Every structure is written in structure tokens, then in C-alpha cells.
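Nothing here was measured: the structure is a model prediction, and the numbers come from that model. Read the numbers this way: they start at 1 and go in the same order the structure lists the ligands and their atoms.
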Amino acid sequence: MKLIKGGTVINATGPAIGDVLVDGETIAAVFAPGRGPEDVETIDATGKFVIPGAIDGHTHMQMPFGGTEASDTFETGTRAAAIGGTTTIIDFAIQRFGEVVQDGLAAWHQKADGNCHIDYGFHMILGGVDDDALKAMDQLVNDEGISSFKLFMAYPGVFYSDDGQILRAMQKARSNGALIMMHAENGPAIDVLIKQALERGETDPIFHGITRPQELEAEATSRAIWLAAVAADCPLYIVHLSASKALEQVKAARDTGRNVFAETCPQYLYLTLEDQLGAPGFEGAKWVCSTPLRSKHESHRADLWQGLRTNDLSVVSTDHCPFCMKDQKEMGLGDFSKIPNGIGGIEHRVDLIYQGVADGKLSLGRWVETIATTPARMFGLYPKKGVIAPGSDADIVVYDPNGRTRIGVDTHHMNMDYSAWEGWEIDGRVDTVLSRGEVISSGGEYHGRAGHGRFLKRGLSDYLL
Ligand code: DUC
Ligand code: ZN
Ligand code: ZN
């Protein structure tokens with residue numbers, strides 16, 4: 001048994017002073033200060049926060065993309081996650097066009113099995129919605145613990161689903177209780193803009209953002225929302241929402257009581273089209289991701305922070321999809337459309353969103369809710385994960401609000417040869433991390449191991465109507 005003593009326990013409901021008793025892999029009790037047992041190992045949390053281990057509901061380890069593969073393996077990526085206070089990930093298994101869904105899933109299990117430092121689940125990307133894939137959705141929900149499916153309105157010829165395919169998948173989800181996750185960008189229209197830009201000789205990384213205007217994110221978001229309405233209000237979760245106009249669509253749907261949710265990511269809360277994607281030369285390639293970073297001359301970042309406060313944005317995930325500059329991002333030298341899309345950030349989400357607390361933009365409870373509790377509820381892991389409460393897994397982070405975190409390629413643990421946040425020094429620091437009762441990181445020392453992480457069979461979303 002271990003007693004985490006003297007800290008302030010923060011759940012989604014807010015802070016409360018208390019001592020957390022861990023028995024084996026689970027939380028046994030939360031005591032009023034000083035009321036816990038005395039003859040057990042203690043972890044001193046005086047002056048610190050005790051929060052549920054964070055859950056990153058959107059990662060892409062070893063994802064094949066644009067002729068290469070995301071550079072973090074399940075081993076390196078989950079280790080970096082753990083060091084940064086994330087104790088569960090939900091990665092995207094992939095069914096490619098023409099592939100049997102279950103074969104794509106088996107391939108993902110093979111990549112992850114025995115390699116993860118923390119617990120993990122899978123969503124399933126459907127790259128080809130047909131009769132067999134629709135049948136497979138039932139099997140995955142019923143037998144495999146996979147209760148969410150990602151569809152793409154972008155990337156024609158790769159992952160793209162047309163509106164008819166989307167509607168059929170939504171109808172299936174409505175009947176079996178699954179959640180549809182949507183990459184909402186109008187891919188065919190974007191492809192026209194890309195072709196026209198390249199014909200004009202506009203090849204620099206910034207044109208990745210300029211050819212994906214917010215209107216095409218908003219249009220796709222709106223279309224997805226209406227298609228879900230036609231599918232008897234199938235629950236819909238918009239991934240990596242980046243733009244004010246897309247947020248307006250989600251907000252309008254939620255205001256009428258629709259079962260529509262959205263996440264954003266740290267990169268959209270802090271970084272911009274001009275300052276990062278528009279960096280001189282080829283430097284901007286570091287920040288090529290889709291949806292793209294948005295203009296600093298518009299109100300996107302302020303609107304996204306507000307959306308997090310009002311719950312129009314329910315979750316912060318990373319969309320962790322790292323590529324090195326060397327040999328990977330470089331594939332797009334002279335043609336931005338060939339730069340593999342993705343940013344790595346799994347290690348920094350807890351700190352970057354805590355910075356929102358330090359800046360007065362989010363409450364402590366909302367910090368925990370958006371990075372841990374709501375992801376657990378949204379993706380069928382609650383109350384096993386996402387809360388400090390008796391009976392829950394002892395996935396716990398002791399967080400030092402007075403610490404500082406300096407981010408950079410020399411100190412991070414992700415398998416990337418650059419940092420999207422190079423030189424940033426921010427408030428707060430992950431002090432100690434427990435995964436199912438084991439101290440896997442403490443005071444900058446890492447003690448975890450590959451293979452500790454277990455696959456999580458997930459239930460249905462708590463937000464299902
Ligand atoms: N967006 C990215 O930036 N990378 C992977 C897939 C995606 O949708
Ligand atoms: Zn996406
Ligand atoms: Zn993604």
C-alpha cells in the first residue's frame with residue numbers, strides 16, 4: 001500500500017485536500033488530511049496537486065502516412081507520454097481501403113502488444129466503408145472493446161469516405177452504440193486548391209495552411225453534423241477542431257441539444273499559421289498538420305480557449321503524429337503537399353493545458369476534466385480511468401504547480417529530431433507518475449517498462465443518449 005499524502009486532490013469537480021491510499025493497482029480510499037494509515041509507504045505531495053493520470057484520446061504511433069511512418073513506436077511514444085503525465089492513450093488502428101477491418105486491427109495489436117509503458121486502447125479508422133466493414137463495426141463493439149470509429153472527409157484516395165459511406169457508418173453506429181469520430185475537412189475542395197497553388201509555384205509549407213481554409217473545415221463540420229442528424233442523431237465527435245467557424249457549427253448544434261462533441265489540441269491553442277507554419281525557408285514543415293494551424297490575425301485561439309471553458313470543446317487530445325525533419329518532413333522540399341502531416345506533442349499536453357490554468361483561462365477542475373475525466377467518459381473508460389476515487393485504477397500524477405518545464409529536443413523523450421515547442425518554458429511540472437499503482441516516473445527519473453501497459457477493452461461512451 002502507498003499513501004500519497006499532503007496534496008490537493010483535483011478531480012473534474014474541483015480541488016479538495018486529501019490523502020490518497022493506493023492498494024495494489026487501485027485506489028482504495030481518499031482520506032481527510034492526516035486520517036490515513038501511518039504504517040505504509042508514503043509519497044509526499046505537500047504543496048502539490050494529485051490528479052488522475054491524463055488520457056490522450058488521439059494518437060498515431062507508427063502510422064503509415066504520405067509514404068513514411070510516424071516516428072514514435074508504441075514503445076517510445078508511450079514512454080514519452082508517461083513522463084509527461086499521460087497514463088492512457090487511445091491510438092487509431094487502421095483499416096486501409098480494400099483491407100478486412102479485423103486484419104487492420106490485428107496488425108495494430110501486433111505493433112502495440114508487449115511494447116507499451118502505459119495502458120492503451122484503440123479506435124478504428126475505417127478507410128473503406130462497405131457491407132463487410134459495417135458488419136465488422138458490430139463485431140468490434142461487441143467483442144473487441146472498440147467503441148469508436150474515425151472517418152475522413154479529407155484525403156481522397158487514401159482514407160476518404162463520401163457522404164453516402166459516412167451516412168451508412170453513422171446509421172450503424174446509431175444502432176450499436178458506437179461513437180463516430182470525424183476528420184472534418186472538405187478533401188476534394190482542398191485538393192483543387194492544392195493543385196492551383198502548386199501551379200502558381202506556391203510550394204512553401206505555409207501553403208499547406210492556406211489551401212486548407214477554415215471555411216472548408218466549417219463546411220465539413222456542418223455537413224457531418226447534419227448527416228448525423230439524418231442518422232437519428234448518431235453521436236458525433238469532431239477531432240482536432242482548429243477554427244472559429246468550425247467551432248460555431250459545433251456550438252450551434254449543441255445549443256439545440258444535439259449529441260455533438262469536439263476536441264481541440266494544444267497546437268491550435270498556442271501556435272499560428274504565420275509564426276510557425278510561415279517560418280522562413282522549409283522550417284514551417286515542422287508544423288504541417290491537418291487540420292492546419294490558423295491565422296493569428298483572427299480569433300481562433302481565444303475562441304478555442306473559450307470553447308474549452310463553456311464545454312463546446314469537451315476534450316484536449318494531442319493528435320500525436322510525429323515525423324522527423326530528416327528524411328520525413330524533407331520529403332516535401334519544393335512541394336508542401338508531400339510533407340507528411342503531423343505534429344508530435346504527447347509529452348507536453350498536461351503541462352501546456354496547465355499553462356492555461358496559470359494564465360487564468362481555465363479552472364483547475366476544467367484542466368483535469370478536459371485532459372482526463374471527459375476522455376475517460378467519452379471513450380468508455382470511466383470510472384476505471386479519469387478520476388481519483390475508490391475503486392478506480394491508481395493512475396495518478398503528482399503535479400508541482402510551482403515547478404517549471406522547459407521544452408526542447410535535447411530534453412524530450414519523443415522520437416523526433418526537433419520540438420514543435422522548442423525553447424518554451426512554461427509553468428508547472430510533472431513530479432511523480434503512477435500507472436496502476438506502480439511509480440513509473442519520479443523527480444525526473446524514469447522507472448517504467450515496456451510491457452507494463454495493458455490493452456483496454458472499452459465500453460460505450462457515457463454520453464450516449
Ligand atoms: N492529421 C494529421 O496531421 N496527421 C495524421 C492524420 C491527420 O488527420
Ligand atoms: Zn484527422
Ligand atoms: Zn489524427
Side-chain angles (χ1 to χ4, degrees), residues 55-72 77 81 89-97 104 108 120-127 148-161 166 179-187 190-191 194 205 208-209 211-212 216-217 220-221 224 236-243 246 261-268 271 273 276-277 284-294 315-324 328-329 331-332 336-346 349 375 378-379 414 416 420:
I55 299 170
D56 194 338
H58 189 152
T59 71
H60 299 285
M61 305 303 170
Q62 290 166 262
M63 180 195 190
F65 193 91
T68 184
E69 195 170 88
S71 57
D72 262 321
I89 63 163
I90 311 177
D91 201 82
F92 285 87
I94 299 179
Q95 175 228 7
R96 297 165 189 247
F97 180 76
W108 234 258
Y120 63 100
F122 295 146
H123 314 284
M124 191 84 214
I125 287 175
L126 296 179
S148 40
F149 297 86
K150 183 179 180 190
L151 302 172
F152 286 79
M153 301 169 98
Y155 304 125
V158 189
F159 294 125
Y160 176 77
S161 291
I166 290 169
L179 184 68
I180 292 293
M181 305 174 76
M182 192 62 76
H183 180 125
E185 287 186 294
N186 184 324
I190 286 167
D191 278 3
I194 291 174
H208 170 78
T211 55
R212 307 180 93 90
L216 295 183
E217 184 183 348
T221 302
L236 173 67
Y237 179 98
I238 306 290
V239 296
H240 50 53
L241 189 146
S242 69
F261 308 92
E263 68 175 15
T264 192
C265 313
Q267 53 269 33
Y268 308 119
L271 310 179
L273 177 86
Q276 277 78 30
L277 204 49
K286 293 176 176 174
W287 296 278
V288 164
C289 60
S290 296
T291 53
L293 303 184
R294 298 299 176 186
V315 169
V316 181
S317 304
T318 56
D319 196 7
H320 179 74
C321 191
F323 297 99
C324 291
Q328 296 198 297
K329 293 282 187 180
M331 293 164 75
F336 70 85
S337 72
K338 297 203 162 55
I339 301 169
N341 290 196
I343 290 185
I346 199 164
R349 181 182 57 129
M378 187 69 67
F379 301 124
M414 300 175 288
M416 291 173 74

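Summarising the geometry of Ile125 relative to Phe159, their closest heavy-atom pair is CG2-CD2, 4.1 Å, with the distance given to 0.1 Å. Counting all heavy atoms, side chain and backbone alike, Leu126 lies closest to Gln95 at CA-OE1, 3.4 Å. A pairwise comparison of heavy atoms in Gly344 and Met414 identifies C-SD, 4.0 Å as the closest pair.
Between His240 and the choices Glu217, Glu185, His183, the side-chain hydrogen bond (donor to acceptor under 3.5 Å, both in side chains) rule is met once, by His183.
Residues Arg294 and Ser242 bring a donor and an acceptor atom of their side chains to less than 3.5 Å of each other.
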Exercise. Tell me, with the steps shown, if Arg212 and Thr291 meet side-chain contact (heavy atoms from CB on, under 4.5 Å).
Key: CA-CA 8 Å; Arg212 307 180 93 90; Thr291 53; over 6 Å; no

Practice problem: Check step by step if side-chain contact (heavy atoms from CB on, under 4.5 Å) holds for Tyr155 and Asn341. | Solution: CA-CA 11 Å; Tyr155 304 125; Asn341 290 196; 2.9 Å; yes

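With sequence neighbours left out, the ring pair (Phe, Tyr, Trp, His ring centres under 6.0 Å) criterion links Tyr120 to Phe122, Phe455. Residues meeting the ring pair (Phe, Tyr, Trp, His ring centres under 6.0 Å) test with His60, sequence neighbours left out: His58, Phe92.
Listed by chain and number, Lys150 NZ, His183 ND1, His240 NE2 are the protein N/O/S atoms closer than 2.8 Å to the Zn ion (ligand 2), with waters left out.
Note that CG of Asp91 is 3.5 Å distant from OG1 of Thr59, once rounded to the nearest 0.5 Å.
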Tabulating one pair per line, provide the atom names and distances (0.1 Å) for every N/O atom of ligand 1 that is less than 3.5 Å from a protein N/O atom.
{"unit_1": "ligand 1", "atom_1": "1 (N)", "unit_2": "Ser290", "atom_2": "O", "d": "2.7"}
{"unit_1": "ligand 1", "atom_1": "3 (O)", "unit_2": "Ser290", "atom_2": "N", "d": "2.9"}
{"unit_1": "ligand 1", "atom_1": "3 (O)", "unit_2": "Ser290", "atom_2": "O", "d": "3.3"}
{"unit_1": "ligand 1", "atom_1": "4 (N)", "unit_2": "Asn341", "atom_2": "O", "d": "2.9"}
{"unit_1": "ligand 1", "atom_1": "8 (O)", "unit_2": "His183", "atom_2": "ND1", "d": "2.9"}

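Here the Zn ion (ligand 3) is the vertex; the NE2 atom in His60 and the NE2 atom in His58 give an angle of 100° (to 10°).
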